[in-house]
Q: 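What follows is a single structure, and I will ask about it in a moment.
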Amino acid sequence: MTELKTAWKQRVFAALRKIAQSGNLSADALSEDMIVAEFPPKPELGDIGFPMFSYAKIFRMNPAMLAVQIAAVLEPVQSEDGTALGVAKAVGPYLNVYFNREALSRHIFRNRTNFSQTPLAGRKVMIEFSCPNTNKPLHLGHLRNNVLGESLSRIMKTAGAEVQKVNLINDRGIHICKSMLAYQVYGGGRTPEDEGLKSDHFVGKYYVLFNTLKAEDPAAEEKAQELLRKWEAEDPEVMNLWKKMNAWAVDGIKATYARQGISFDRYYYESQTYMKGKEEILAGLERNIFYREEDGSIWANLEDIGLDRKVLLRKDGTSLYITQDIGTAIYRHSDWPFDQLIYVVASEQQYHFRVLFEILKRLGYEWAKDLYHLSYGLVNLPSGRMKTREGTVVDADDLIDELASLAQKEIAERERESAIDDAAQVAEKIALGALHYYLLQTSPIKDMLYNPEQSLSFTGNTGPYIQYMGARACSILRKFEKGEGNAGKGMVTPSKLSADADWMLVRRLLALQEAVELAARSKEPSVIAAYAHDLASDFSSWYRDNPVLASEDPDLSATRVELVKAVKAALEKICWMLCIPFLEEM
RNA sequence: GCGUUCGUAGCUCAGCUGGAUAGAGCGACGGACUUCGAAUCCGUAGGUCGCAGGUUCGAUUCCUGUCGGACGCACCA
């Protein structure tokens, strides 16, 4: 589809030049990338539309007239065997291309979701996401981050890129020490098993208990700092406790990843990377890229590009958050030389990344231009921002549990329990479908409102709707396999799909490649989510009005079965890209 | 104060590099299950695209200003 569009653009451009020559007009102002192609709003207007206005202006001609002239001289796009892949017609001030429906239906049957072109082929893309703290379990905000990172990596893979997914676990710092201190005071040596808690929730419980401790012991903050100093001095007792609690936290977090269906190719741990970067800063200081204040701290002055001054090393010589990020980026690039590194991090850190990228550029790393901050908005509740202190944080595991139990109730209400193998497992998958689709349908950059009522819905523009259409397609194909209907007696005949209703669905399938390219280029899984809904919706109205197995014409039935297979393949691929489990039945 | 960003139907969101009548879902109202699973489908109602200028043959889309919201501007992460 993408190549078809490109090919037609070239033809239109060639035709324009031809007209310019014969009319003795100047075509200097024309270039091929000026040719805009759009999607006509109605099926009778064809499959590609070229507005003539801008060229008409250059030629000082009536746009409708120009469209007629181009249609007359335009050479049609052909396939390798010489079949015309469409015809161009002038429709008012537009030149519209009508595809050869038979040829393109055949193309979809043959290739399904195997794209003829992958724009990111050969590119190495590293994607960093999730990056949890080890003092508490994941919450709704992490779920958005996780699914964004995983989905984007799958989309980029589909677009041909080689992707490496990385995670940086924030396993050190004062927040960890607070959980550790509270555990020392209140934990009594108990384990998560003793308390019957998932291990990361167990650690999180003690982090919350630190607030209680603070109320009881005014020196609590100071004691936590003391613990951090001991940790940095590698006090054996503290290290032991730290290792134990971190293992609990990380194990629990990984269990949530597994449940969500996301994974990483490589884990980095802050405790191993936080020292990195210091040498870089000192080397930069020698080269006068940075400067030293009287108190000994080291700074970068970025005022010339509208940013502020930024501390890079404390007066006592210790590292900061940004120091570590500088080191980690350098380390990663030498580790796996990427063409692009994408940081999936909330929008509140936009300034941090602008500073980080600029400093790496000043240090002379030419790949600094390949760093990209995929900034995404916060997930807010109707009552406002989630706040740990007010207990309004939506816990990730609890949320999935709730969705799954609701899905199971829905299955029971629809009396589907006997029809499916494992209702509990299907319910879990529906829950994830609902959750992930809900989180991905909004553009990443926008803050989103988490409306419990709406997100718990399984009808309408939702993940389960997409899953349902996949299941319906599978259901039809199962019946076909069993020999129901007359499709088995027919011959696949693509020319039978020339009716508008069939063609709309074929055309939608053709548009998948373009959607993937756009989603990969703009780093917006929401593009695929929108496409998923369009395809599912098209399929839904199509199979209602167009009998697949029971058509009177066996050839038409056989052909429509091929179309259903193509729809199923597309939905399966889309679901994978959106981290929505594909269901054969539900 | 400075910077970034968002502002489209009652609500939650789409709207591709400016283009043919601004689209979904939810909610409201009205229809469709002896016919491939009704988590579905069809129809009706609902929008001065925050506001004001500008560029353009043409602006929801680009520019400027303005109003409103969010976030950021730590020797925290």
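In the text below, chain A, chain B and the rest are named by the order of the sequence lines, each starting its count at 1.
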Q: Over all strands shown, is A471(A) touching base, sugar-phosphate only, or nothing at heavy-atom distances under 4.0 angstrom?
A: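 Base: the residue A471(A), judged by heavy atoms under 4.0 Å, touches a nucleobase.
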Q: What about D534(A), does its side chain sit under 3.5 Å from the base of A14(B) through a donor-acceptor pair?
A: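 Looking at the base of A14(B), it does not pair with any donor or acceptor on the side chain of D534(A) (distance under 3.5 Å).
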Q: Would you sort out whether S443(A) and E524(A) count as a side chain to side chain donor-acceptor pair (under 3.5 Å), showing the intermediate values?
A: CA-CA 7 Å; S443(A) 289; E524(A) 292 237 20; 3.1 Å; yes
Q: Once you apply a heavy-atom cut-off of 4.0 Å, does E348(A) come out as touching a base, just sugar-phosphate, or nothing?
A: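 It contacts sugar-phosphate atoms only.
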Q: Distance check: side-chain N/O of S540(A) vs OP1/OP2 of C41(B), anything under 4.0 Å?
A: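 For S540(A), the contact criterion (side-chain N or O under 4.0 Å from OP1 or OP2 of C41(B)) is met.
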Q: Does T462(A) have a side-chain nitrogen or oxygen under 4.0 Å from the phosphate oxygens OP1 or OP2 of A39(B)?
A: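 Answer no for this pair, as no side-chain N or O of T462(A) is under 4.0 Å from OP1 or OP2.
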Q: Is the distance from OP1 or OP2 of C26(B) to the nearest side-chain N or O of Y465(A) less than 4.0 Å?
A: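 Looking at the OP1 and OP2 atoms of C26(B), neither is under 4.0 Å from any side-chain N or O of Y465(A).
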Q: Establish, from distance only, whether the side-chain atoms of S130(A) and N145(A) form a donor-acceptor pair under 3.5 Å.
A: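 There is no such pair (donor and acceptor under 3.5 Å, judged by atom type) between the side chains of S130(A) and N145(A).
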Q: For K479(A), report the nucleic acid contact type (base, sugar-phosphate, nothing); a contact means any heavy atom under 4.0 Å.
A: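 Contact class for K479(A): sugar-phosphate only.
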Q: C6(B), OP1 or OP2 - any side-chain N/O from K446(A) closer than 4.0 Å?
A: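 The answer is no; no side-chain N or O of K446(A) sits under 4.0 Å from OP1 or OP2.
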Q: For the P atoms, the ones on A38(B) and on A59(B), what distance do you get once it is rounded to whole angstrom?
A: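 Between the two P atoms, the distance is 46 Å.
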Q: Y468(A) side chain N/O closer than 4.0 Å to the phosphate oxygens (OP1, OP2) of A39(B)?
A: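 True: Y468(A) side-chain N/O within range (under 4.0 Å) of A39(B) OP1/OP2.
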Q: C42(B) and G23(B): how far apart are their P atoms, nearest whole angstrom?
A: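 So the two P atoms sit 16 Å from each other.
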Q: Assign each of A407(A) and G173(A) to its nearest nucleotide of RNA chain B by heavy atoms, then name whichever residue's nucleotide is nearer the 5' end.
A: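 With A407(A) and G173(A) compared, the 5'-side residue is A407(A).
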Q: Please name the nucleotide paired to U55(B) by Watson-Crick or G-U wobble geometry with both distances under 3.5 Å, or report none.
A: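 Result: none.
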Q: Taking the same atom, C1', in A9(B) and in C76(B), what whole-Å distance lies between them?
A: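 Comparing C1' positions in A9(B) and C76(B) gives a spacing of 43 Å.
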Q: Taking atom P in both U12(B) and G72(B), what distance in whole Å separates the two?
A: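 Comparing P positions in U12(B) and G72(B) gives a spacing of 22 Å.
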Q: Students often get this wrong, so: under 4.0 angstrom with heavy atoms, is L307(A) touching a base, only sugar-phosphate, or nothing?
A: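 No contact at all - L307(A) keeps every heavy atom at 4.0 Å or more from the nucleic acid.
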Q: How long is the straight-line distance from CE of M275(A) back to OG1 of T318(A), given to the nearest 0.5 Å?
A: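 Output value for this atom pair is 10.0 Å.
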Q: For P40(A), which contact category applies under a 4.0 Å heavy-atom criterion: base, sugar-phosphate, or nothing?
A: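 If one applies the 4.0 Å heavy-atom cut-off, P40(A) turns out to touch a base.
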Q: At less than 4.0 Å, is any side-chain N or O atom of S475(A) found next to OP1 or OP2 of G37(B)? Yes or no.
A: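 Answer yes for this pair, as a side-chain N or O of S475(A) is under 4.0 Å from OP1 or OP2.
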Q: What's S443(A) touching, base or sugar-phosphate or nothing? Going by heavy atoms closer than 4.0 Å.
A: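 Touches sugar-phosphate only.
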Q: If you look at every strand shown and take non-hydrogen atoms under 4.0 Å, does L312(A) touch a base, only sugar-phosphate, or nothing?
A: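 Result for L312(A) = nothing.
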Q: Taking the six-membered ring of Y207(A), is the NZ or CZ of K178(A) close enough (under 6.0 Å from the centre) and on axis enough (within 45°)?
A: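 No, K178(A) and Y207(A) do not form such a contact.
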Q: If you measure from the P atom in U44(B) to the same atom in G7(B), how many Å do you get, rounded?
A: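 One P to the other, the span is 29 Å.
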Q: Going by purine N1 to pyrimidine N3 plus the second Watson-Crick contact, or the G-U wobble pair, all under 3.5 Å, which nucleotide sits opposite C29(B)?
A: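 Paired with C29(B), as far as the under-3.5 Å criterion goes, is G43(B).
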Q: Just wondering, do Y94(A) and A20(B) stack (centres under 5.5 Å, planes under 30°)?
A: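 Aromatic stack with A20(B) present for Y94(A).
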Q: Indicate, with a heavy-atom threshold strictly under 4.0 Å, whether H175(A) touches base, sugar-phosphate, or nothing.
A: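 Answer is nothing: H175(A) stays at 4.0 Å or more from every strand.
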Q: Where each residue is assigned the nucleotide of RNA chain B containing its nearest heavy atom, which of N170(A) and A37(A) is assigned the position nearer the 5′ end?
A: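 Here A37(A) is the residue nearer the 5' end.
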Q: For T459(A) and G25(B), is the shortest distance between a side-chain N/O and OP1 or OP2 below 4.0 Å?
A: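 Answer no for this pair, as no side-chain N or O of T459(A) is under 4.0 Å from OP1 or OP2.
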Q: Between A22(B) and C26(B), how far apart are the P atoms? Round to whole Å, please.
A: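 Nearest-Å result for C26(B) against A22(B) at atom P: 22 Å.
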Q: If the P atom of G46(B) is compared with that of G10(B), how far apart are they to the nearest Å?
A: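 To the nearest whole Å, 11 Å.
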Q: Base, sugar-phosphate or nothing for Q349(A)? Non-hydrogen atoms, less than 4.0 Å.
A: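 The residue Q349(A) makes base contact.
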Q: Select base, sugar-phosphate, or nothing to describe what F53(A) touches, counting heavy atoms under 4.0 Å on all strands.
A: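 Contact class for F53(A): base.
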Q: Is C2(B) paired to anything, Watson-Crick or G-U wobble with both distances less than 3.5 Å, and if yes, which nucleotide?
A: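 Because both required distances fall under 3.5 Å, C2(B) counts as paired with G72(B).
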Q: Do the side-chain N or O atoms of R560(A) get closer than 4.0 angstrom to the phosphate oxygens (OP1, OP2) of C36(B)?
A: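 So the side-chain polar atoms of R560(A) never come under 4.0 Å of the phosphate oxygens OP1 or OP2 of C36(B).
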Q: Have a look at E270(A) and say if it touches a base, only the backbone sugar-phosphate, or nothing, with a 4.0 Å heavy-atom cut-off.
A: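 Sugar-phosphate: the residue E270(A), judged by heavy atoms under 4.0 Å, touches backbone atoms but no base.
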Q: Would you say a side-chain N or O of R478(A) is under 4.0 Å from OP1 or OP2 of G37(B)?
A: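 Result: no.
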Q: Looking at A39(B), I'd like to know if its phosphate oxygens (OP1 or OP2) sit under 4.0 Å from a side-chain N or O belonging to R414(A).
A: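 So the side-chain polar atoms of R414(A) do come within 4.0 Å of the phosphate oxygens OP1 or OP2 of A39(B), strictly under.
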Q: Working to the nearest 0.5 Å, report the span between NZ of K310(A) and CD1 of I359(A).
A: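 With rounding to 0.5 Å, NZ (K310(A)) is 8.0 Å from CD1 (I359(A)).
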Q: When we call it a touch if two heavy atoms are under 4.0 Å apart, what does M586(A) touch: a base, just sugar-phosphate, or nothing?
A: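 The answer is base, as M586(A) lies within the cut-off (heavy atoms under 4.0 Å) of a base atom.
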Q: Has the side chain of T323(A) got a donor or acceptor atom that lies under 3.5 Å from a matching backbone atom of L312(A)?
A: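 Pair found, side chain donor or acceptor close to backbone of L312(A).
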Q: Any base atoms under 4.0 Å from L549(A), or only sugar-phosphate, or nothing? Heavy atoms, all strands.
A: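 Base: the residue L549(A), judged by heavy atoms under 4.0 Å, touches a nucleobase.
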Q: P547(A) side chain: which of C13(B), C36(B), A24(B) is closest?
A: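 The nucleotide sitting nearest to the side chain is C36(B).
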Q: Sticking with atom P, work out how far C36(B) lies from G19(B), rounded to a whole angstrom.
A: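 Straight-line distance between the two P atoms is 43 Å.
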Q: Is there a Watson-Crick or G-U wobble partner for C16(B) with both distances under 3.5 Å, and if so, which one is it?
A: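 Looking at the geometry, C16(B) pairs with no nucleotide.
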Q: Does one side chain, of D171(A) or S271(A), offer a donor that lies under 3.5 Å from an acceptor on the other?
A: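 Looking only at side-chain atoms, S271(A) and D171(A) do form a donor-acceptor pair, the distance falling under 3.5 Å.
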Q: Between Y543(A) and R472(A), does any side-chain donor sit less than 3.5 Å from a side-chain acceptor?
A: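 Result is yes, a qualifying pair exists.
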Q: Contact class for G306(A) (heavy atom, under 4.0 Å): base, sugar-phosphate, or nothing?
A: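 If one applies the 4.0 Å heavy-atom cut-off, G306(A) turns out to touch nothing in the nucleic acid.
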